Structure formats: C-alpha cells, structure tokens
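To find a chain, count down the sequence lines: A is the first, B the second, and so on, and within it residues start at 1. These figures come from a predicted structure and were not determined experimentally.
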2 protein chains.
Amino acid sequence: MDYKFRCECPITSALDILGDKWVLVIIKQMLIEDKKTFKDFTESDEAIATNILASKLKCLEELGIITKTQPPDNKKTNLYLLTEKGLALTPIIVELSIWSDENVRGLNKIMRDSPEIAIMKSDKNSFIKMIIEAYKAKTEKFY
Amino acid sequence: MDYKFRCECPITSALDILGDKWVLVIIKQMLIEDKKTFKDFTESDEAIATNILASKLKCLEELGIITKTQPPDNKKTNLYLLTEKGLALTPIIVELSIWSDENVRGLNKIMRDSPEIAIMKSDKNSFIKMIIEAYKAKTEKFY
DNA sequence: TAAAATAAATTGCAATTTGCAAGTAAAAAT
DNA sequence: ATTTTTACTTGCAAATTGCAATTTATTTTA
C-alpha cells in the first residue's frame, strides 16, 4: 500500500487521508456511537453501502488508524477498533462538532441538539480526554 | 441552493460540507497561504483543476463560508475572502496540522516541517487567535 | 488605438469514484 | 440438517473528478 499525497503540505496530506465523505464518519461512529462490527456500521443512520464500507475499513486498517481482530469466542464477527493514531483524531471530531453546532445548524433543519456541546466548549481538553478514556474503558476487554 | 444532509448528526452534517478532497485545502490556502484570487488558487502546489475550483468556490460562497468581491480599481480580478463562518474553521485546520505532524509524517516522505508546530501545540488557543487576527489584518483593506 | 496578454471562468470528454442491489461463503443458531 | 447471520464481493449505473481546450471580458503593452 503506497498512499498518494498531493504535495508536501501537512494539512493537505492529512486531507489526502481524511478528506472524503466517509472516513471521519466511520471514526466518529467508532469513537462515540460504540460501533465496532461490520454490521454495526451498516445499521447506522448514515447508511453506508457495504462495498464502500469494506474498502474504507481496509484502507483505515492499512494506515494504522484502526485494527481488525476476531474475538476469541466468535469466528464470524470481526471487531474493528481505533488505534492510538485513530484516537488522536478526537480533537478534530470535537472541533467539527463545535463548528457544526454554530455554523451548520441553520442549514440542516433536522440536526439534533447536542446537550454536551456547552461542556465541550467550556473545557475542550478535559472533554477530549474523557472521550478517549471512555473509549479505552469500553474496549479494553477486547485486547 | 438546498444542501443535502445525510442525517441529524452534527458531525456528519459538518462533513457533508467539509468532507471532500478540496474544500478544507482551499480554506487553508486562504487562511495561511494568502490566496485570494482565482489565479492564486490555480498556482498552488495542490494544482486544483479550474472547473473544480470554480464549483467549490461557488459552493463555499453560497454557504456563507467565503465572499466574492471585486476590488474597486479592477473589474477583472475577483477577491475571495473568508467570512467569520470560514474563519471559525481555524481550529479544525490547526488540529489537522497537529494530527498530520504526528501521524502522517511517516507516510509522506516529502512532507515539509512546520517549525511553528511546537508553538501551536503549547498554546493552541493563542495560536488560533493569532492566525485569525493576522488574516483580518491582511484583508481588512478589501472590505 | 489595435494587438497581446491576463483573469476567470465554461465546455466536452475520459477516468475514477460512489452507490445500489444482488449474490456468496463461512460460521452460528435453531 | 436447515435456517439465519455476518462479512463481505460482484456487476453495473450514476455521479464526481480531472484534463485540455476554448471563451469572454478586462487590462496592458506596442
């Protein structure tokens, strides 16, 4: 796997990986919606197609952003879990939340309220740490 | 212009706008590479095609993220400038920088160093404010 | 003032990506 | 043993992206 990068800019290079319709949505679903199996993702509100899902998961695994493992008691179900590299995307997800709450709400009439947005804004760093710790606590039994 | 949103999730809705290969690259070029005319963008390292550029700029203008104006002394050149809504994307750009520096550098051999990354990390909020103020200072003469 | 150059696009077409629907293979449940 | 479930894969249509050439309206230059 050799990834194609457009140029030497760090920001553009990040977007060569993250800049599409699905990658950060998948990360969000893992991080805060508890999704970890192929089926979990297909049942999401966003309704990703299975072929796209398979290709994005493979790509994220190759990049070291997620891992794919089998639980010892089940050979059918795969578990997709965020690595540290994937968890390090939490600040980006949080900033997307905040920007969206302030700037997209007016355009998407069905957007849901996030009651936690006030806490998120008042102490961003603690909120980010909390999300990461919660994720690790929930998933540590699978390692 | 009615934008299509996939669902009621704020993060997914942000990505319905920002989640593609070009939008955040264009914002970055405006914010920190001083690009403001159509020609400026076409001369970038990223080498965006003119048809894509035109369509993305139009879209960003319709969403209120940038404005398109003509300088009083020149009827040929248009100026594209970030609105407050666009400037509010600065934290996302900064987080992309940091994540990229730590997690993408290993994959993109030609990625340039950002000497300011240490400052960025040590005092994120000040850095964000500084970038926004610098942008406003540079562009205020066009309003 | 006519010709050349520049800025900001638009157009046609090819290539790539995305998305839908159906199908498959292996494992687990009944 | 049969059905159901999970995790895909495949084929094809639709949409998006990208390249190269062209266009129109300004400037600039000779």
When you measure from the side chain of B/Lys39, which nucleotide among C/dA8, D/dC8, C/dA9 comes out closest? C/dA8
Which distance, rounded to the nearest 0.5 Å, do you find between the OG of B/Ser13 and the CG of A/Asp101? 11.0 Å
Between A/Ile48 (CD1) and C/dG19 (P), how many Å, whole number? 8 Å
B/Asp20 CG - D/dT16 C1' separation (whole Å): 10 Å
To the closest 0.5 Å, what do you measure between OH (B/Tyr80) and NZ (B/Lys36)? 14.0 Å
Taken to the nearest 0.5 Å, the spacing of A/Ile93 CD1 from B/Ile92 CD1 works out to 10.0 Å
Between B/Asp40 and B/Asn51, whichever has its closest DNA chain C nucleotide further toward 5' is B/Asp40
Distance, rounded to the nearest Å, where A/Lys4 contributes NZ and C/dT16 contributes C1': 12 Å
A quick test of your reading: do over 12 heavy atoms of other residues, nucleotides or ligands sit less than 6.0 Å from NZ of A/Lys129? no
B/Lys35 side chain to B/Glu43 backbone, donor-acceptor under 3.5 Å: no
Could you list by number each residue of residues 70-82 of chain A showing a heavy-atom separation from DNA chain D of less than 4.0 Å, or answer none if no residue does? A/Lys76, A/Thr77, A/Asn78, A/Tyr80
Taking C-beta and beyond as the side chain, do A/Val25 and B/Arg6 meet within less than 4.5 Å on heavy atoms? yes
Is it the case that atom NZ in A/Lys138 sees more than 12 heavy atoms from other parts of the structure closer than 6.0 Å? yes
Are the charged groups of A/Lys124 and B/Glu95 less than 4.0 angstrom apart, N to O? no
Atom-to-atom span, CD of A/Glu43 to C1' of D/dT6 - whole angstrom: 11 Å
Picking from C/dA8, C/dC20, D/dC8, which would you name as closest to the side chain of B/Thr37? C/dA8
What are the residues of residues 21-30 of chain B, sorted by number, that bring a heavy atom to within less than 4.0 Å of DNA chain C? none
Does A/Lys121, at its NZ atom, have more than 12 non-hydrogen atoms belonging to other residues, nucleotides or ligands within less than 6.0 Å? yes
Interatomic spacing from CG in B/Leu82 to OG1 in B/Thr139 - rounded to 0.5 Å: 8.0 Å
Just by distance, do the side chain of B/Asp45 and the backbone of A/Glu8 share a donor-acceptor pair under 3.5 Å? no
Starting at atom CG of B/Leu53, determine the distance to atom P of D/dT16, rounded to an integer number of angstrom. 18 Å
Can you tell me how far P of D/dT16 sits from NZ of B/Lys58, to the nearest Å? 14 Å
Five-pair end axes of the helix from C/dT1-D/dA30 to C/dT30-D/dA1, angle between them (10°): 10°
According to a strict under-4.0 Å criterion, is A/Lys68 in side-chain N/O contact with OP1 or OP2 of D/dC8? yes
Euclidean distance, B/Arg112 CZ relative to A/Thr12 OG1, rounded to 0.5 Å: 7.5 Å
Between A/Lys56 and B/Lys36, who's closer to the 5' end of DNA chain C by nearest nucleotide? B/Lys36
Rounded to whole angstrom units, what separation is found between the CD1 atom of B/Ile66 and the P atom of C/dA8? 12 Å
Give the rounded distance in Å between these two atoms: CD1 of B/Ile52 and C1' of C/dA9. 14 Å
